[in-house]
Amino acid sequence: MENNHVSSLEINLKSLSSNLDYFKAKIHKSTKIMVVLKAVGYGSDAIILANALKDEVHYLAVAYADEGIALRNAGIRLPILVLHPQLVNLQKLIDFDLEPSIYASHILEAFLDLAETNNLKKYPIHLKLNTGLNRLGFLYKELNAHISALKASNNIKIQSVFSHLAASEDLNEKKFTQDQIDNFISESNDLIHQLDGKPPMRHMLNTSGIINYAARAQFDMVRLGIGLFGFGNDNYETSQLENVLCLKSIISQIHSIEKNQTVGYNRAFVSDKLMRTATIPIGHADGIFRNLGNGKGYVYIQNQKAPIIGNVCMDMIMVDVSSITCNEGDEVLIYKDKEHIIKLATAMNTIPYELITAISNRIKRVIKKY
Ligand SMILES: *Cc1c(COP(=O)(O)O)cnc(C)c1O
């Protein structure tokens, strides 16, 4: 489908690269960087991002096989870790040179079988340990039962062993996090000792992990996601980062609304005076959540805040521009910058991750290089 919508998501590659440098400065020069591009690069565009970063990072990660296949089809050659492969997709991973996270016995056994049938030689796999998040991963004692099978297979090579923190951004959970790190250190040491070949890489830290625990837990690689977009999960860190995403649209129509008229579905907004409203071509189908309606969310027009009034429609929102001098066709900043996104996320009781990953694919992606 040809995309000639007027609403667009600007992706600033210069800011992206300067955010990458910011995180590089927090880790040793020798520590590798894996950039996590799941959910089409946090709702932006995984291919644009991968192309922009490919010479500056060592690894990519995606959540699901098809996300990795899309990167391969776009010509991306970096090694790609698939964090959450499914049994039915294991052959696809091999076909597209994607590296599985092996997080459970049934996945390990199936992959070892498949590696043999495909006659693979030292195909890289990544062992995922569950150290407390209780989402994906082996308990170490479960993994232990497979060590001789892992050592015996020439079809695979253990490229890394990794784990994920449950509360890396929450310093009230420091004790829990330190315990997760301690357990990962001792379990991975034991594993490496038992494997007694070339030791696999180790990695544990996401964005807030890099910010809070780089000293003890950066190991050989870190996994950077939301930080690249300028969100540090912490006011100070966020203020040090540059803005990458800007969601823009234009005013489609301006209305004069008499006192006591209503605006939008279910007549949710009632005017208490003569006012002006602007209709904007972006709605809940584009990721502008319905609970940003009725005054909770706002956009910027002529650098002034225009609150969303009434209910968010599927393809449109209406905003109050009574006190803003503006015209049909004028630019509207739906998400002006990261601070705006954080304010909207907070108003909705959620986190920036949820807002940016919801931006629909009918919004045009536009690269900005300066
Ligand atoms: C999403 C994800 C990351 C990146 O997390 P950010 O908080 O966005 O940096 C790292 N590791 C795993 C396993 C993930 O699922």
Return yes if a side-chain donor-acceptor contact under 3.5 Å exists between [X] and [Y], otherwise no.
| X | Y | result |
| --- | --- | --- |
| Y213 | Q180 | no |
| S160 | H126 | yes |
| D190 | Q194 | yes |
| N155 | K157 | no |

Open item on the list: Tell me whether E67 is salt-bridged to K38, with the criterion being a basic N under 4.0 Å from an acidic carboxylate O.
Closed with: no
Open item on the list: Less than 4.0 angstrom from a charged side-chain N to a carboxylate O is my criterion; do K32 and D220 meet it?
Closed with: no
Given side chains that start at C-beta, do those of [X] and [Y] come closer than 4.5 Å, heavy atoms only?
| X | Y | result |
| --- | --- | --- |
| D315 | C313 | no |
| N311 | H284 | no |
| V332 | I282 | no |
| H146 | S105 | yes |

TODO: Look at the rings of F219 and F184 and say which category their plane angle falls in: under 30° parallel, 30 to 60° tilted, over 60° perpendicular.
DONE: perpendicular
Looking at [X], I'd like to know if its [atom1] atom is crowded, meaning that more than 12 non-hydrogen atoms belonging to other residues, nucleotides or ligands lie closer than 6.0 Å.
| X | atom1 | result |
| --- | --- | --- |
| R267 | CZ | no |
| K174 | NZ | no |
| K296 | NZ | yes |
| E56 | CD | yes |
| N73 | CG | yes |
| K364 | NZ | yes |
| H28 | NE2 | no |
| K24 | NZ | yes |

Task: Residue from S360, S7, S249 passing side-chain hydrogen bond (donor to acceptor under 3.5 Å, both in side chains) with D286 - done: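 Of the listed residues S360, S7, S249, the side-chain hydrogen bond (donor to acceptor under 3.5 Å, both in side chains) partner of D286 is S360.
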TODO: Could you walk me through whether Y353 and F231 pass ring-ring contact (aromatic ring centres under 6.0 Å, His included), step by step?
DONE: CA-CA 9 Å; Y353 295 75; F231 300 95; 8.0 Å; no
Task: Residues in ring-ring contact (aromatic ring centres under 6.0 Å, His included) contact with Y335, at least two apart in sequence or another chain - done: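 Scan of Y335 (ring-ring contact (aromatic ring centres under 6.0 Å, His included), adjacent residues dropped) gives none.
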Out of curiosity, [X] [atom1] to [Y] [atom2], how far, rounded to the nearest 0.5 Å?
| X | Y | atom1 | atom2 | answer |
| --- | --- | --- | --- | --- |
| Y64 | L98 | OH | CG | 15.0 Å |
| L241 | I211 | CG | CD1 | 7.0 Å |
| I147 | L143 | CD1 | CG | 5.5 Å |

- [ ] Output yes when a side-chain donor or acceptor of S239 lies under 3.5 Å from a complementary backbone atom of Y236, and no otherwise.
- [x]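 Such a contact is found between S239 side chain and Y236 backbone.
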